[in-house]
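We name chains A, B, ... by the order of the sequence lines, and we start the count at 1 in each one.
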Amino acid sequence: MGIISYEKKLFGATIYRNLYSCSTTSICTSTPVRELFKESPHRVKLHMCDSYSKVHHALEQESLGRPSENIPYGKQAKSFNTYETVESFCQMNSIGTKPTKFILCTALNSCAKTLNWQLGLQIHAYMIHSGHDDNLFLSSALVDFYAKCGAIMDARKVFDEMKTHDQVSWTSFIAGLSQNGQGRDAFYMFKEMLCTQIKPNCLTYVGVITACAGLKEAFELGLSLHSHVIKFGFNTNSFVGQLFNDCYAKWGSIDHAVLLFDEIHERDAILYNSLISGYSQNLCGKSALELFMKMRNNNLSPTDYTFTSIVNACGFLTVLFQGKKVHSLVIKIGSERNVFVNSSLIDMYSKCGDINGACCIFDQTCEKNNVLWTSMIMANAQSGRGSDALKLFEHLLTEEGFIPDHICFTAVLTACNHAGLCDKGIEYFNKMRTTYGLFPDVVCLLS
DNA sequence: CTAGGGTTAG
């Protein structure tokens, strides 16, 4: 891993920076910008820039790409605006206009949404350079930016260095911790916030509930949070209601989830998706299908999320006719390229015994990933095509740089079992530990 | 004139 150095200019400020590789891991281990400003030859230096033409060129080479086609339909318009914001900002920069704190705030917000790490860093640099770094709005936006880019340590540093905190900065940081898998810390920060004068609002609750949903002792914490929410009257907020709905479904209390669902009167597609997924994950396929019909009767258009869960339910119920009907709707709505939907479809077709249907979906999917590949290996394995499954697996290893996980090995071992290739199975079982560092339980081999 | 939120697959 070599050291890559780069030079960036923004509004007359030049940043020199050394990075260990430009992969996303550098984001997590990055040095906070403020540190980089210390005068040191190998660190960042700030001085006046004489050529603005270089700026635009440098920025063009960065991650200012267009949003990919995978962005969910509903979010696309918003996302384009965000990209346009970044572009206008860069144009402003190239003609030498100085940005105001309002513009910086909007641009930083767009950087957070589009994960534009390089530009966000430069804005932070400019904030320090121009004395905007104690602005509450900008600091909150910065906390959000770092957290969204996965640099939670940097987010914490910005948060800690703020002179005063308000509702938004607390909420941004709590949400950031939660999004970075530090649910426990998010919960502690929430408790700390309750000790201050700043009162939480519904967005704060969204952050802390999401955090709590991923924890081991979630149920206990969730119940106390829920009573807290009811006490302060936030239970009528549809976001908060939906999250609890989701939590109860995740914890297996599907009855609780249904009660909550009935209490919410303004039901949007996401709320339906959430309960349909809850039914599907709790193996209540029939209820999932019924709710799906209800959703359609209410003129709510199904999304990729809906299809993924409902196809899953069809697979569980092994209702091929229903499954095919949903599949045609998938094509009609235009979700046939979504990798989540297609993994579910492959699984559904194979569970219903239609291996050719599964193969068709697999062949038609342009952007494949580990889960989709594993679905296809499993589909072959369970349809008695053990050797096809292994052929696919070997092809992926040699041609596609595929790194299998333990679920994939379960599929491979199932294939060996069905094809009667006991020796091969033991060979893979050993490879699992030696080559991939996966520690299987013996059940894997026995299956 | 500027900031923060929810749902999906093997």
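Checking B/dA3, B/dG10, B/dG6 against the side-chain heavy atoms of A/N312 singles out B/dG10 as nearest. Across B/dG10, B/dA3, B/dG5, the shortest atom-to-atom separation from the side chain of A/C105 is found for B/dA3. Looking at the side chain of A/N201, the nearest of the listed nucleotides B/dG5, B/dG4, B/dT7 is B/dG4. With distances taken from any side-chain atom of A/K148 to the nucleotides B/dG4, B/dG10, B/dT8, the minimum falls on B/dG4. In the set B/dT8, B/dA9, B/dG5, B/dG5 carries the atom at the smallest distance from any side-chain atom of A/D144. Distances from the side chain of A/C408 to the nucleotides B/dG10, B/dG4, B/dT2 place B/dG10 closest. For A/I407, taking side-chain heavy atoms from C-beta onward, the closest of the listed nucleotides B/dA3, B/dG10, B/dT7 is B/dG10. With B/dT7, B/dA9, B/dG5 as the candidates, the nucleotide lying closest to the side chain of A/Q242 is B/dT7. Considering only side-chain atoms of A/F340, the nucleotide from B/dT8, B/dG10, B/dG5 that sits closest is B/dT8. Residue A/S277 places its side chain closer to B/dT8 than to any other of B/dT8, B/dA9, B/dG10.
For the pair A/K294 and A/E290, the salt-bridge criterion is not met [side-chain N within less than 4.0 Å of a carboxylate O].
A/S172 comes within contact range of the sugar-phosphate backbone alone, with a heavy-atom separation under 4.0 Å but no base atom that close. Residue A/V311 is out of contact with every strand shown, counting any heavy-atom pair closer than 4.0 Å. Across all strands, A/D268 comes closer than 4.0 Å to base atoms (heavy-atom distances). The residue A/T308 sits close to a base: some heavy atom pair falls under 4.0 Å. Counting any heavy atom pair closer than 4.0 Å across all strands shown, A/Q281 reaches sugar-phosphate atoms only and no base atom.
Rounded to the nearest 0.5 Å, atoms CZ (A/F362) and CG (A/N342) are 11.0 Å apart.
In plain terms, the two heavy atoms of A/W251 and A/A213 that are nearest each other are NE1-O, 4.1 Å.
A/H165 places a side-chain N or O within donor-acceptor distance of the main-chain N or O of A/F159, the cut-off being under 3.5 Å. With hydrogens and angles disregarded, no donor-acceptor distance shorter than 3.5 Å links the side chain of A/T365 to the backbone of A/K368.
Here the P atom of nucleotide B/dA9 and the CZ atom of A/R337 are 22 Å apart, to the nearest Å. The CD1 atom of A/I346 sits 20 Å away from the P atom of B/dT8 (whole-angstrom rounding). In this structure, the CZ atom of A/F292 is 17 Å from the P atom of B/dT8, given to the nearest Å. Between the OH atom of A/Y205 and the P atom of B/dG4 there is a distance of 21 Å, given to the nearest Å. To the nearest angstrom, P of B/dC1 lies 20 Å from CG of A/L108. Whole-Å rounding puts the A/N273 CG to B/dG6 P distance at 14 Å. Atom pair A/N109:CG and B/dA3:C1' shows a separation of 7 Å (rounding to whole Å applied). Between the P atom of B/dG10 and the CZ atom of A/F362 lies a distance of 16 Å, rounded to the nearest Å.
Using a 4.5 Å heavy-atom threshold, the side chains of A/S253 and A/F219 count as touching.
Inspection of the A/N116 and A/S110 side chains reveals no N or O donor paired with an N or O acceptor under 3.5 Å.
Counting distance only, with no hydrogens placed and no angle test, the side-chain atoms of A/T374 and the base atoms of B/dG10 include a donor-acceptor pair under 3.5 Å. The base of B/dA9 has none of its N or O atoms less than 3.5 Å from a complementary donor or acceptor on the side chain of A/S344. Taking 3.5 Å as the limit, the base of B/dA9 and the side chain of A/N369 contain a donor-acceptor pair of atoms between them. Evaluation of atom-type donor-acceptor distances gives a pair under 3.5 Å for the side chain of A/D405 against the base of B/dG10. At a cut-off of 3.5 angstrom, the base of B/dG10 holds no donor-acceptor pair with the side chain of A/N370. The base of B/dG5 is paired with the side chain of A/N237 by a donor and an acceptor separated by under 3.5 Å. In this model, a side-chain donor or acceptor of A/T171 finds a partner on the base of B/dG4 within 3.5 Å. Contact of A/N245 with B/dG6 (side chain to base): no donor-acceptor pair of N or O atoms is detected under 3.5 Å.
Between A/Q167 and B/dA3, a side-chain N or O to OP1/OP2 separation shorter than 4.0 Å is absent.
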